[in-house]
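Notes follow the structure.
Remember, it's 1-based here, ligands and their atoms both numbered in the order they're listed. Just so it is clear, the model here is predicted, and its values are computed rather than measured.
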Amino acid sequence: MSRFWSPLVHKLTPYVPGEQPKMTDLIKLNTNESPYGPSPRVLEAIQAADNDTLRLYPDPEALALRTALGARVGLGPEYVFVGNGSDEVLAHAFQAFFAHGAPLLFADVTYSFYHVYCGLYSLPFRTVPLTDDMQVNIADYAGPCSGVVVANPNAPTGIALSLAEVRKLLELQPDRVVLIDEAYVDFGAESAVSLIKEYPNLLVVQTFSKSRALAGLRVGFAFGQPELIEGLVRIKDSFNSYPLDRLAQVGATAAVEDEAWFASSVQKVIASRTALANGLQKLGFDVLPSKANFVYTRHPNRNAAELATQLRERAIIVRHLRGERTAAWLRITVGTDQQCESLLSTLRDILCSNSL
Ligand SMILES: *Cc1c(COP(=O)(O)O)cnc(C)c1O
């Protein structure tokens, strides 16, 4: 607390990111990073960047990157917005589209940054409970609101909506922006990008941080009709005209161009996810059906917080979220097969020693 702070600052409840430990010999399964590196072409492109150019500001419109992202899904660059991580894209979208007086709707169990942005921009919101089996029920998103935000697949559950359900949601709220946060969509869910031309109220947000293994480069993007993109650009250019530096722009463009690397690392994660879920079930855990690069799991008679602590003591970190509906669960990032096996054998040891 400080008397120098503006009143709003006192009221903020900032997001708490997952731990980035300094220790290097940990098995890090807590923040849904890729266990594989990005395409080698990314580093090549960054290294090839002309030394002289860092003197100069980057392209404020990131046109080459937006063109590459759009081309991949059959859209022109006017349908694409890029930002410094999808968190920044989400923040701009909240400010650009959701201040209409009525509450913004999002699930009670979802990405916790949505609350944080509502606080930052003083937006009223209403959380919509997931069903008992942790699903988003689209019919619950009817009625007056300033917009809807849905993570698909949802985080931390990993459960995905079908394209038909997303379409239903867009039709329930034709006069409000429906933001689909597709941070994890590449791991097996259906993207709503194919609906962009049909629905002027659809904004699809994606990131390079998960499926493209570039969390450290900070690049996120959105697809929407040009009218929505223009709204985002107006916010961006009133905040920071150069959110993506030159190295991020060339690196991200190179990542988009290496489709083979992307496809193979995503396939490896999907295969490891199946093995991890099976292994956890054999140990007695419940595992939700995940379309993401993590699994959400609980043990019917073990305390999740204690399990997380015991794993930490054995150099494995996973994510445990406090809160009424999440406290029993652990969110575990899908690592390499070897990391998943270490996790499973360590859990086996913990479960055995606890029952002595
Ligand atoms: C990781 C994540 C993001 C943000 O990722 P960036 O690194 O900022 O691009 C957005 N939404 C969800 C649901 C996430 O899990």
Side-chain angles (χ1 to χ4, degrees), residues 14-20 28-35 38 42 62 65 69 80-94 104 106-118 120 127 130 134 136 148-161 166 178-189 191-192 203-223 232 236 239-240 243-245 248-249 251-252 255-256 262 266 269 273 288 290-296 318-321 326 329-334:
Y15 180 73
V16 183
E19 180 188 3
Q20 293 293 341
K28 189 174 179 307
L29 304 175
N30 67 330
T31 51
N32 302 340
E33 289 136 331
S34 169
V42 171
L65 174 58
L69 282 167
V80 188
F81 180 80
V82 293
N84 190 263
S86 61
D87 287 338
E88 185 181 83
V89 177
L90 291 168
H92 288 347
F94 274 54
L104 175 66
F106 50 86
D108 62 339
V109 178
T110 190
Y111 189 40
S112 58
F113 235 131
Y114 306 153
H115 279 105
V116 174
Y117 294 134
C118 287
L120 179 60
T127 57
L130 297 182
M134 303 295 254
V136 168
V148 178
V149 179
V150 174
N152 187 36
N154 195 14
T157 64
I159 296 175
L161 292 170
V166 172
V178 171
L179 189 163
I180 309 293
D181 180 351
E182 296 189 348
Y184 301 102
V185 77
D186 297 321
F187 300 103
S191 175
L203 190 76
V204 173
V205 176
Q206 296 187 2
T207 177
F208 284 75
S209 297
K210 315 294 174 24
S211 56
R212 294 186 187 271
L214 285 169
L217 202 64
R218 308 306 303 133
V219 185
F221 53 104
F223 297 111
L232 291 170
K236 168 187 99 73
F239 177 79
N240 174 6
L244 291 197
D245 60 68
Q249 291 189 32
V256 178
F262 165 72
V266 162
V269 169
R273 176 179 72 205
L288 295 184
S290 173
K291 296 284 188 197
N293 67 339
F294 56 83
V295 295
Y296 207 44
V318 300
R319 194 94 196 255
H320 174 254
L321 302 165
T326 52
W329 297 82
L330 294 175
R331 194 195 68 191
I332 305 176
T333 305
V334 178

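L203 has its side chain within reach of L232: a pair of non-hydrogen atoms, C-beta onward, lies under 4.5 Å apart. In this structure, the side chains of E88 and K236 stay at 4.5 Å or more apart for every pair of heavy atoms.
Between W329 and Y296, the angle of the ring planes stays under 30°, which puts this pair in the parallel group of the 30/60° scheme.
The proximity of S209 to ligand 1, defined as any non-hydrogen pair under 4.0 Å, is limited to the side chain. Counting heavy atoms under 4.0 Å from ligand 1, residue Y184 touches it through the side chain alone. Of all the heavy atoms of D181, the ones lying under 4.0 Å from any atom of ligand 1 belong exclusively to the side chain. Counting heavy atoms under 4.0 Å from ligand 1, residue E88 does not touch it at all.
In this structure, the protein non-hydrogen atom closest to atom 1 (C) of ligand 1 is K210 NZ, 1.4 Å. Of the protein's heavy atoms, S86 OG, 3.2 Å lies nearest to atom 5 (O) of ligand 1. With respect to atom 8 (O) of ligand 1, the closest heavy atom belonging to the protein is R218 NH2, 2.8 Å.
Panel note: side chain S211, backbone D186; no donor-acceptor pair is recorded below 3.5 Å. Counting only distance, with no hydrogens or angles, the side chain of R273 and the backbone of F187 share a donor-acceptor pair below 3.5 Å.
T207 and K210 share no side-chain donor-acceptor pair at under 3.5 Å. Looking only at atom types and distance, the side chain of Y15 has no donor-acceptor partner in the side chain of D87 under 3.5 Å away.
Annotation: Y111 places no N or O atom under 3.5 Å from an N or O atom of ligand 1; distance criterion only.
Taking 4.0 Å as the cut-off, G85 counts as a neighbour of ligand 1 on heavy-atom distance.
With distances taken over non-hydrogen atoms, the option nearest atom 9 (O) of ligand 1 out of N152, L217, T207, N293 is T207.
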